[in-house]
Protein chains: 2
Amino acid sequence: MNEVFKALADPTRREILRELRGGERTAGELAELFPLTKSTLSGHFAVLKAADLVQTEKRGTTVLYRLNTTVFQDVLIGLLGLFGEPDTHLKGESRP
Amino acid sequence: MNEVFKALADPTRREILRELRGGERTAGELAELFPLTKSTLSGHFAVLKAADLVQTEKRGTTVLYRLNTTVFQDVLIGLLGLFGEPDTHLKGESRP
DNA sequence: CTCCTATTTTGTTATTTCGCCAACTAACGA
DNA sequence: TCGTTAGTTGGCGAAATAACAAAATAGGAG
């Protein structure tokens with residue numbers, strides 16, 4: 001979960017995710033959208049992949065990136081954990 | 001919004017927010033919960049305050065910190081912006 | 001096999017971040 | 001006023017981060 005928040009901390013990476021809302025894109029297509037080199041973008045892709053925010057598919061010589069919407073739910077739950085009510089009604093300790 | 005995500009990127013700061021779910025705490029009370037110096041914690045408080053994630057109230061010689069739940073909504077909307085559907089149904093361009 | 005094209009990896013540099021200690025300010029009580 | 005307690009600020013070093021250029025890898029096309 002820490003990796004997810006760290007990944008979301010960078011504006012470029014958030015913009016990448018925003019672009020992927022429209023559907024899958026190749027690494028090159030994404031790279032063209034930013035005033036950064038391909039290698040820099042490739043590093044950002046790696047961070048997003050490590051955080052499981054994107055999924056990749058290798059098709060021939062290109063790599064497709066797409067959003068992993070499953071993790072969206074995890075982030076939401078994480079946020080609820082930050083701002084929601086403390087779980088005082090639970091039996092066990094939340095932090096033993 | 002960038003400051004908010006940056007603030008959430010640090011585990012200590014997220015833990016501070018989690019602690020504040022239980023109600024307001026003084027800077028000293030919060031500092032005791034972490035194996036860090038007061039000055040370090042003070043720095044984290046400043047980041048959280050700059051991101052508008054907490055509100056402060058000076059009472060005598062102590063400073064009370066409390067959660068700013070208003071920003072929670074902003075973060076949610078920001079997340080929906082990242083993972084939700086692109087706003088293709090809107091009239092204007094989203095990025096002119 | 002050889003040459004492109006697409007992408008990742010590696011090495012380097014500049015900037016930022018996080019932690020500590022020491023010094024400082026502010027409010028209170030004796 | 002003097003001393004104490006609560007908290008913030010400034011300076012510094014270590015580690016993480018983000019950017020680039022150049023080299024390396026992997027897949028087709030010919």
Side-chain angles (χ1 to χ4, degrees), chain A residues 1-20 22-68 75 78 82, chain B residues 1-20 22-68 75 78 82:
Chain A
M1 181 56 71
N2 188 29
E3 282 177 309
V4 176
F5 280 109
K6 284 254 200 95
L8 292 177
D10 186 272
T12 300
R13 287 194 288 267
R14 291 199 301 275
E15 184 65 33
I16 292 171
L17 294 176
R18 227 170 277 128
E19 286 296 335
L20 288 178
E24 58 192 20
R25 300 264 188 282
T26 70
E29 286 172 344
L30 287 170
E32 284 176 0
L33 301 172
F34 298 87
L36 302 170
T37 62
K38 287 190 169 194
S39 57
T40 297
L41 265 294
S42 186
H44 285 306
F45 299 153
V47 174
L48 291 171
K49 206 165 94 179
D52 207 29
L53 284 163
V54 298
Q55 295 170 335
T56 65
E57 181 182 339
K58 225 175 160 173
R59 190 166 309 186
T61 171
T62 72
V63 177
L64 283 173
Y65 284 91
R66 77 173 63 94
L67 220 45
N68 182 10
V75 179
L82 289 182
Chain B
M1 182 55 71
N2 189 30
E3 281 177 310
V4 175
F5 280 109
K6 283 253 199 101
L8 293 176
D10 186 89
T12 299
R13 287 193 288 267
R14 291 198 302 274
E15 184 65 32
I16 292 172
L17 294 175
R18 228 170 275 126
E19 287 297 334
L20 289 178
E24 58 192 20
R25 300 262 189 284
T26 70
E29 286 172 344
L30 287 170
E32 284 176 358
L33 301 173
F34 297 88
L36 302 170
T37 63
K38 285 190 169 193
S39 57
T40 297
L41 265 294
S42 187
H44 285 307
F45 298 153
V47 174
L48 291 172
K49 207 165 94 180
D52 207 30
L53 284 162
V54 298
Q55 296 169 334
T56 66
E57 182 182 339
K58 218 171 167 177
R59 190 166 309 186
T61 172
T62 71
V63 177
L64 284 173
Y65 284 91
R66 78 173 63 94
L67 219 46
N68 181 10
V75 179
L82 289 182

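Note that the structure is predicted; figures quoted are calculated from it, not measured. A, B, ... follow the sequence lines: proteins, then strands. Residue 1 opens every chain.
- Remark: B/I16 CD1 to B/D10 CG distance equals 8.0 Å, nearest 0.5 Å.
- Across all strands, B/Y65 comes closer than 4.0 Å only to sugar-phosphate atoms, never to a base (heavy-atom distances).
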Under 3.5 Å between N/O atoms: give me all the protein pairs with nucleotides 20-24 of chain C, atom names plus distance.
| from | atom 1 | to | atom 2 | distance (Å) |
| --- | --- | --- | --- | --- |
| C/dC20 | OP2 | B/T37 | N | 2.9 |
| C/dC20 | OP2 | B/T37 | OG1 | 3.2 |
| C/dC20 | OP2 | B/T40 | OG1 | 2.9 |
| C/dC21 | N4 | B/S39 | OG | 2.9 |

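- One finds a side-chain N or O of A/H44 lying less than 4.0 angstrom from the OP1 or OP2 phosphate oxygen of D/dA19.
- The separation between A/F45 atom CZ and D/dA18 atom C1' is 15 Å, rounded to whole Å.
- Separating the CG atom of A/L41 from the C1' atom of D/dC20 is a distance of 12 Å, rounded to the nearest angstrom.
- Rounded to the nearest 0.5 Å, atoms CG (A/L30) and NE2 (A/H44) are 12.0 Å apart.
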A/E3/A/K6 under salt bridge (charged side-chain N to carboxylate O under 4.0 Å, His left out): CA gap, chis, key distance, verdict: CA-CA 5 Å; A/E3 282 177 309; A/K6 284 254 200 95; over 6 Å; no
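- Proximity of A/L53 to A/V4: side-chain heavy atoms (C-beta onward) are separated by under 4.5 Å at one or more points.
- Here the straight-line distance linking atom CZ of A/R14 with atom CZ of B/F5 works out to 5.5 Å at 0.5 Å rounding.
- As rounded to whole Å, 14 Å separates atom P of D/dG7 from atom CZ of B/F34.
- When rounded to the nearest whole Å, the span between NZ of A/K49 and C1' of C/dT9 equals 13 Å.
- Contacts between residues 25-32 of chain B and DNA chain D, defined by a heavy-atom separation under 4.0 Å, are made by B/T26, B/A27, B/G28.
- Heavy atoms of A/T62 sit under 4.0 angstrom from primed sugar atoms or phosphate atoms, though from no base atom.
- At a threshold of 4.0 angstrom between heavy atoms, the contacts of A/K6 are confined to the sugar-phosphate backbone, with no base atom among them.
- We find that CG of B/N2 is positioned 10 Å from P of C/dT17, with the value rounded to whole Å.
- For the residue pair A/N2 and B/A9, the shortest heavy atom distance occurs at OD1-O, 3.6 Å.
- Between A/A9 and A/T61, the residue anchored nearer the 5' end of DNA chain D, judged by the nucleotide with its closest heavy atom, is A/A9.
- Checking each of B/R66, B/K49, B/R25 against B/E57 for a salt bridge (Lys or Arg N to Asp or Glu O under 4.0 Å) leaves exactly one that passes, namely B/R66.
- By the 4.5 Å heavy-atom criterion applied to side chains, A/L17 and A/V54 are counted as neighbours.
- The side chain of A/S42 contributes an N or O atom lying less than 4.0 Å from OP1 or OP2 of C/dT8.
- The shortest side-chain heavy-atom distance between B/L64 and B/T26 falls under the 4.5 Å cut-off.
- Rounded to a whole Å, the CG atom of B/L8 is 16 Å from the C1' atom of C/dT17.
- Between A/Y65 and A/L48 there is no side-chain heavy-atom pair separated by less than 4.5 Å.
- Going from atom CG of B/D10 over to atom C1' of C/dG19 covers 11 Å, rounded to whole Å.
- Between the C1' atom of C/dA26 and the CZ atom of B/R59 lies a distance of 17 Å, rounded to the nearest Å.
- Put simply, A/R13 has a side-chain N or O that comes within less than 4.0 Å of OP1 or OP2 on D/dA18.
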